[in-house]
Amino acid sequence: MKALFFILIFFVIGTAFWQFFKLLGLTKKDQVATEKENDINGWLMLGLGGFVYGLMLYSMFQGRVVLLPRLSASLEGEDIDNLFVITMGLILVVQFITQFLIYYFTFKYRGTKGRKAMFYADSHKLEMWWTITPTVVLSVLIIYGLWTWNNVQDLSDAENPLIIEVYAKQFQWEARYAGEDNQLGLGHVNFIKGINTMGVDMSDKNSADDIPVRELHLPKGRKVIFKFRSQDVMHSAYMPHFRAQINCVPGMVTSFGFTPTVTTEEMRLNEDTKAKFDAINELRVEEGKEEVEFDYLLLCNKICGASHYNMQMKVVVQEEEDFNKWLKEQKTLAQVINN
């Protein structure tokens, strides 16, 4: 595959040089393209159009296994997926039509003996339509996007949500659960000391039952509200399977929330997930590496430094009963510090 890629690159660069030297030749006087040359260029343009469409379809077909599963792992992610499908569908339709018209008319109206180009100064009617149509379409998309964003970000109607703080720093994530009172204690970089690496104010009464973890567990079917802080630079908390992402900004708290709907075990059985990991494991076996299985991940989607790619945290989605059992087994921050 790499060899084919390099051959295509070499072919494209060679064609570009060939066209460049041909353009230099056209600067000479009395250089007029013959009807045969116009005919060849017209057919080449038509062939280029077919090549572009073929490459696009090939990429869409071959690349489907590296994409995210079509199944969203959160309730709010379904709205994001609908917005994405509508937007991409519209883009593809417009792209398909406009590309076809460009290549087809370039071929149809290639240079022919006796044919003269018509000078078309302007048309107010035509200009009105190509101004109003995209304006209306884009306005509808923007309004729908804002409506979706507000639905996803509005956390005011959440009933008994689980509160989790995620702390970002180069190059790892830490997290703490709000504990039995479901309220997080105050946190600030000035309180970082020893094993209190998240800078939690232990004099705050809400901090006593906070539970620090290095792996996130989430209950299926219960709203989870995440609050993000950053210790050093700007990071971006990205949970792709839940269609959730937000920046972590030093000096302020950002937040988002979602309701997990698919457990880790259920997502491992999803057809898209299985196809993707079959392809990954096939490559790993060829390289003599162990096979891996699917896990949800919290990633940093901001290039925050040289080891940015290492910044990830495992996320486990499980039934609420299993989650409650796991949470009871964890030590509070006070117990961790005092031990």
Side chain proximity check, [X] to [Y], heavy atoms < 4.5 angstrom:
X	Y	answer
Val262	Val317	no
Gln99	Met56	no
Phe107	Met45	no
Ser255	Leu155	yes
Glu319	Thr263	yes
Tyr144	Asn82	yes
Ser236	Asn247	yes
Val224	Arg222	no

Between Lys274 and Glu271, is there a salt bridge with N-O shorter than 4.0 Å? no
Are any of the side-chain nitrogens in Lys223 or Glu76 under 4.0 Å away from the carboxylate oxygens of its partner? yes
Hey, any chance [X] and [Y] share a hydrophobic cluster, counting ILVMFWY side chains that come within less than 4.5 Å of each other, even indirectly?
X	Y	result
Phe228	Val200	no
Val137	Ile143	no
Ile337	Val189	yes
Tyr53	Phe105	yes
Ile246	Met311	yes

Before giving the answer on side chain to side chain contact (heavy atoms under 4.5 Å, CB included), spell out for Asn38 and Thr112 the whole-Å C-alpha distance, their side-chain angles and the decisive distance to 0.1 Å. CA-CA 7 Å; Asn38 286 331; Thr112 305; over 6 Å; no
Steps toward side chain to side chain contact (heavy atoms under 4.5 Å, CB included) verdict (Phe256, Val152): CA-CA 8 Å; Phe256 65 53; Val152 171; over 6 Å; no
Over 12 non-hydrogen atoms of neighbours within 6.0 angstrom of [atom1] in [X]:
X	atom1	result
Leu297	CG	yes
Met60	CE	no
Arg70	CZ	no
Glu35	CD	yes
Glu329	CD	yes
Phe84	CZ	no
Glu286	CD	yes

What distance do [X] atom [atom1] and [Y] atom [atom2] have between them, rounded to the nearest 0.5 Å?
X	Y	atom1	atom2	answer
Ile164	Leu184	CD1	CG	9.0 Å
Leu68	Thr273	CG	OG1	9.0 Å
Met267	Ser72	CE	OG	7.5 Å
Leu71	Glu266	CG	CD	9.0 Å
Phe10	Phe5	CZ	CZ	14.5 Å
His308	Cys300	NE2	SG	5.5 Å

Evaluate the criterion ring pair (Phe, Tyr, Trp, His ring centres under 6.0 Å) for residue pair Tyr309 and Phe171; output intermediate values, then yes/no. CA-CA 8 Å; Tyr309 63 92; Phe171 298 98; 8.5 Å; no
Determine the minimum heavy-atom distance between [X] and [Y], stating which atoms define it.
X	Y	result
Val336	Pro212	CG2-CG, 4.2 Å
Ala334	Ala208	CB-O, 3.6 Å
Asn270	Pro69	OD1-CB, 3.8 Å
Asn281	Val292	OD1-N, 2.8 Å
Pro260	Leu218	CG-CB, 4.1 Å
Cys248	Arg229	CB-O, 4.2 Å

Distance-only, no hydrogens or angles: does the [X] side chain make a donor-acceptor pair with backbone N or O of [Y] under 3.5 Å?
X	Y	answer
Ser123	Leu126	yes
Asn182	Ala178	no
Tyr177	Leu162	no
Arg268	Phe294	yes
Tyr296	Leu216	no
Tyr167	Gly199	no

Could you go step by step and tell me if Trp173 and Phe226 meet the ring pair (Phe, Tyr, Trp, His ring centres under 6.0 Å) rule? CA-CA 13 Å; Trp173 299 98; Phe226 293 90; over 10 Å; no
Report the C-alpha separation of His217 and Leu327 in whole Å, then their side-chain angles, then the decisive distance to 0.1 Å, and conclude whether the side chain to side chain contact (heavy atoms under 4.5 Å, CB included) test is met. CA-CA 8 Å; His217 283 238; Leu327 192 62; over 6 Å; no
Please determine whether side chain to side chain contact (heavy atoms under 4.5 Å, CB included) holds for the pair Val213 and Trp326, giving the CA-CA distance in whole Å, both sets of side-chain angles, and the decisive distance to 0.1 Å. CA-CA 11 Å; Val213 295; Trp326 171 84; 3.7 Å; yes
Using the salt bridge (Lys or Arg N to Asp or Glu O under 4.0 Å) rule, collect all pairs that involve residues 101-128, keeping only residues at least two apart or in two chains. Asp39-Arg110
Sequence neighbours excluded - side chain to side chain donor-acceptor pair (under 3.5 Å) pairs with any residue from residues 189-211: Glu174-Thr197, Arg176-Asp210, His188-Asn190, Asp201-Ser203
